[in-house]
Amino acid sequence: MKFINFTLNAVVLTAILVQTACTPTNLTKENVIPKPVSVVSSGSSFDLTDQTDIYVQGESLELKQIGQYLANKLNPSTGLSLDVKTTVNIPAPGNIYLCIKGGDAELGDEGYELTITEKSINLVANKPAGLFHGIQTIRQILPSKVEMSTVQKGPWKISTGVIRDFPVYGYRGSMLDVGRHFFGVEDVKNLIDQLAYYKMNVLHLHLSDDQGWRIEIKSWPNLTKHGGSTAVGGGKGGFYTQKEYSEIVKYAQDRYITIIPEIDMPGHTNAALASYPELNCNGIAPHLFTGREVGFSTLCTKKEITYKFIDDVVRELAELTPGPYIHIGGDESHVTPIEDYIPFINRVQEIVIAHGKQVIGWDEIALSTLKPNSVAQYWAKAENGIKAVAQGAKVLMSPAKNAYLDMKYDSTSAFGQNWAGYIEVDKGYNWDPATLVPEIRKENIIGIEAPLWSETVDNRKDLEYLIFPRLPGYAEIGWTPANLRNWDNYKARLVNHGERMKAMNISFFPSKMVPWETNEVK
Ligand code: TNX
């Protein structure tokens, strides 16, 4: 009898242990990046089953698309074939419900409230963007293997509780330099989905540089025909037709990401100067350039044709750009005399405004006279950022020493540069845009952007090595309040995201700062 009792107890105990090992019940222990503003656990779990569907409120095409994005992410791995359905009533138990309810001021345009009970998953936001960010959270509180592209074994349980979440900054972005090496439409779309997973909302495309012009401009066709024909190291280059570019813009828009196009000027313009001799002060087109040096080229700021050229380019770009900004570069114009540089930037600012857009430029543009709705992107000189603030303009934080995705992690890094130092994963994470430069305060800052210059990388795999695992850290800096951010806590969540990156086939740098688990994706 005693013996039987003992065995029974052991069976019960084992059952309990097995259950706790595979049933998530504490929502606060989930590994969401960026860390949500508030998470309250209610200690139980919801089951995704073959009965579960995704309901969206009303007949909105936009909400259906968001629901479909979630279904497309969950169906391949769960094998559950969740359907997207519309409803005017609260759906029956067992389903996921996405719904817009205005009036929650704290949530703003991008926040969401996610309520998970044993019976249902309810996602509410003021705006569709909030729902879109909320479905990324749903993905992240499911087991990591949900990100695999082939059917995995369930169960698919989600801890119950309530998450209320909204971002600190309205601009959370990354930049891809397609000038030094060209990356095609599919690579850019892939990056856009990666940004979306971390609730980022801007992708800045550096579309022209000394080595290449990458966007079709119909009124100046030789820019891409000749100027787009090579790359760093003498590769074949490439460019986006306006049709392809619009496809990228739309793809990003569907993921609540704004594309910001950059045409760098007056420096970083050799590709344009090589394509049109009249843009050069001496009227002679230079050869195409395939090296890595910077600061040797300039548009001829004294010729009227230069402003006709810029007006045409900005007009065509503005027509392709639903977002508010055109980026005008303005960095490292070492061969443009400062007395020419200042009026040049002022005039280009007027051109951009005339085409209905706002200016962003690298921090040097603060040497000119900025309008209050222009933005200086701080990358190198704090004094330029401070000058922008003094003029009432805003600052975008991309300090090279903290936020450049093309800096090596350490001396062993396979790709990248080190002119701004090494940026290990902890260094990339451990800084606060609002206190980095005391004179640039939170109210002066529109957000954060992590730029990726592409001199040393020319394919998706090598790009990912530089982007991951640093990108999630920049996403968290842009989204999560500074007082909720902590490296040790972040590091533990990043371990779990190592599994997710593996599941998504992302080639990330296995930094020694993070205790990655080497076993299979759970
Ligand atoms: C500086 S950052 C540049 C780029 C280079 C980068 C390399 C900036 C505004 N200008 O032209 O690609 O360094 O890290």
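Both counts, for ligands and for their atoms, begin at 1 and track the order of listing.
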I'd like a table of donor-acceptor pairs (distance under 3.5 Å, sequence neighbours excluded) in which one partner is a side-chain atom from residues 338-345, with atom names and distances.
from	atom 1	to	atom 2	distance (Å)
Asp340	OD1	Lys302	NZ	3.1
Asp340	OD2	Lys302	NZ	2.9
Tyr341	OH	Gly330	O	2.6

Once you restrict both partners to nitrogen or oxygen, which atoms of ligand 1 have a protein partner under 3.5 Å, and how far apart are they?
from	atom 1	to	atom 2	distance (Å)
ligand 1	10 (N)	Asp331	OD2	2.9
ligand 1	10 (N)	Glu332	OE1	3.1
ligand 1	11 (O)	Arg180	NH2	2.9
ligand 1	11 (O)	Glu332	OE1	3.2
ligand 1	12 (O)	Arg180	NH1	2.7
ligand 1	12 (O)	Arg180	NH2	3.4
ligand 1	12 (O)	Glu455	OE1	3.4
ligand 1	12 (O)	Glu455	OE2	2.6
ligand 1	14 (O)	Asp406	OD2	2.6
ligand 1	14 (O)	Trp419	NE1	2.7

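Both tests do not hold together for Arg470 against Phe468: distance to the six-membered ring centre under 6.0 Å, angle to the ring axis within 45°.
When each of Asp187, Leu176, Asp254, Ile259 is tested with Ile192 by the rule side-chain contact (heavy atoms from CB on, under 4.5 Å), just one qualifies, namely Ile259.
Pairs of residues two or more places apart, or lying in two chains, that qualify as ring-ring contact (aromatic ring centres under 6.0 Å, His included) and include a residue from residues 174-203 are Phe182-Tyr240, Tyr198-His497. Contacts classified as salt bridge (Lys or Arg N to Asp or Glu O under 4.0 Å) and involving residues 422-437 (residues at least two apart or in different chains) are not found.
Salt bridge Lys381/Glu364: absent, no basic N to carboxylate O contact under 4.0 Å.
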